Amino acid sequence: MNVGWGLVVLVSSAFAWGGQALSWLAPDLAVRLGLTEGPGDIDRTFLVDVRAEAVWDSFVLWTMPLAGVLLMTDHDWWPYLGLIGGGAQLYYAGRGIVVRASMQREHVSIGDPNSVRAAIAALAVWAVVAIVTIVAAILSLEGT
């Protein structure tokens, strides 16, 4: 279980963190790769929000891939990084879903509808991974 779930955590959260880091450090490349919308495709306020979010997420989301590595190696610190990373990733995913839904409801241009659906689906997966990891970390700590 530890290796399997650790791999799920590592791969899924590395994609989230890596995508945000790329969106911050190389936004044009992130647009070409389809990780984010281009400046001409979305409302400027939403663009500023997602670009600023990418900066912050680059500083905090690295904790979740590290939790995955520590879980796979059965390191004693994995539950702590699982709680920290899981909380950061859950906040990231939840905020992303709520912002997109709110912006759509207010008819703010946030990108192609298919891209928005894909983003919300990915955020939902990251939220589930975060919740399962937080629960597993709590259960692990209760067992010690």
Side-chain angles (χ1 to χ4, degrees), residues 1-73 75 77-142:
M1 157 81 178
N2 286 358
V3 173
W5 187 251
L7 189 59
V8 168
V9 170
L10 173 62
V11 171
S12 66
S13 61
F15 185 73
W17 173 69
Q20 289 296 76
L22 196 60
S23 294
W24 169 38
L25 299 170
D28 293 337
L29 178 58
V31 169
R32 282 195 306 275
L33 293 174
L35 299 176
T36 188
E37 301 286 348
D41 301 328
I42 59 177
D43 183 271
R44 178 145 175 77
T45 301
F46 185 66
L47 175 68
V48 170
D49 180 67
V50 295
R51 292 231 171 132
E53 182 184 39
V55 174
W56 180 250
D57 291 342
S58 297
F59 286 109
V60 298
L61 288 180
W62 63 269
T63 53
M64 193 65 157
L66 180 56
V69 170
L70 294 177
L71 177 57
M72 289 184 337
T73 61
H75 194 283
W77 289 7
W78 97 259
Y80 305 106
L81 268 291
L83 290 171
I84 294 166
Q89 186 165 298
L90 183 58
Y91 176 81
Y92 159 70
R95 181 189 186 282
I97 292 168
V98 170
V99 165
R100 282 159 182 79
S102 298
M103 295 271 187
Q104 282 182 315
R105 191 172 40 254
E106 295 297 323
H107 306 289
V108 175
S109 176
I110 61 171
D112 174 73
N114 290 330
S115 296
V116 174
R117 278 192 292 279
I120 290 173
L123 289 162
V125 168
W126 290 321
V128 170
V129 169
I131 291 167
V132 171
T133 302
I134 290 167
V135 169
I138 290 169
L139 293 174
S140 177
L141 289 171
E142 285 181 348

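Residue numbers run from 1 in the order of the sequence given. A quick note: this is a predicted structure, and the numbers were derived from the prediction, not measured.
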Evaluate Val108 against Thr45 for side chain to side chain contact (heavy atoms under 4.5 Å, CB included), listing each step before the verdict. CA-CA 9 Å; Val108 175; Thr45 301; over 6 Å; no
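- The distance from the CG atom of Asp43 to the CD atom of Glu106 is 12.0 Å, given to the nearest 0.5 Å.
- No side-chain donor from either of Thr73 and Trp78 sits under 3.5 Å from a side-chain acceptor of the other.
- Rounding to the nearest 0.5 Å places CD1 of Ile84 at 11.5 Å from CE of Met64.
- Rounding to the nearest 0.5 angstrom, the gap separating the CG atom in Leu25 from the CD atom in Gln20 is 11.0 Å.
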Just do the side chain to side chain contact (heavy atoms under 4.5 Å, CB included) check on Leu139 and Glu142 with the steps written out, would you? CA-CA 5 Å; Leu139 293 174; Glu142 285 181 348; 3.8 Å; yes
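- For the residue pair Val132 and Trp5, the shortest heavy atom distance occurs at CG1-CZ2, 3.4 Å.
- Counting heavy atoms from C-beta on, the side chains of Val116 and Met103 never come closer than 4.5 Å.
- Annotation for Ala54 and Ser58: closest pair O-OG, 2.7 Å, computed over non-hydrogen atoms.
- Separation of atoms CG (Asn2) and CG (Leu7) is listed at 12.5 Å; rounding is to 0.5 Å.
- Proximity of Val60 to Trp17: side-chain heavy atoms (C-beta onward) are nowhere separated by under 4.5 Å.
- Across all their heavy atoms, Asp112 and Glu37 have their closest contact at N-OE2, 3.6 Å.
- At least one side-chain heavy atom of Pro39 sits less than 4.5 Å from a side-chain heavy atom of Arg51.
- Contact of the Leu66 side chain with the His75 side chain is not registered, since no non-hydrogen atoms from C-beta on lie closer than 4.5 Å.
- Taking 4.5 Å as the limit, some side-chain heavy atom of Arg32 sits within range of a side-chain heavy atom of Leu29.
- Relative ring orientation between Trp56 and Phe59 is described as tilted, the plane-to-plane angle lying within the 30° to 60° band.
- Residues Leu83 and Leu141 meet the side-chain proximity criterion, which asks for heavy atoms closer than 4.5 Å.
- Two residues are said to be in side-chain contact when any heavy atoms from C-beta on lie closer than 4.5 Å; Thr63 and Tyr80 fail this criterion.
- Ser140 places no side-chain N or O within donor-acceptor distance of the main-chain N or O of Ala136, the cut-off being under 3.5 Å.
- Note that the CG atom of Asp41 and the CZ atom of Phe46 stand 11.5 Å from one another [nearest 0.5 Å].
- In this structure, CG on Asp28 lies 10.5 Å from CG on Leu22, to the nearest 0.5 angstrom.
- At a threshold of 4.5 Å between non-hydrogen side-chain atoms, the residues Gln89 and Ile134 do not count as touching.
- Using a distance-only test at 3.5 Å, with no hydrogens or angles considered, a donor-acceptor pair links the side chain of Trp126 to the main chain of Ser12.
- Residues Ser13 and Pro65 come closest through the heavy atom pair OG-N, 3.2 Å.
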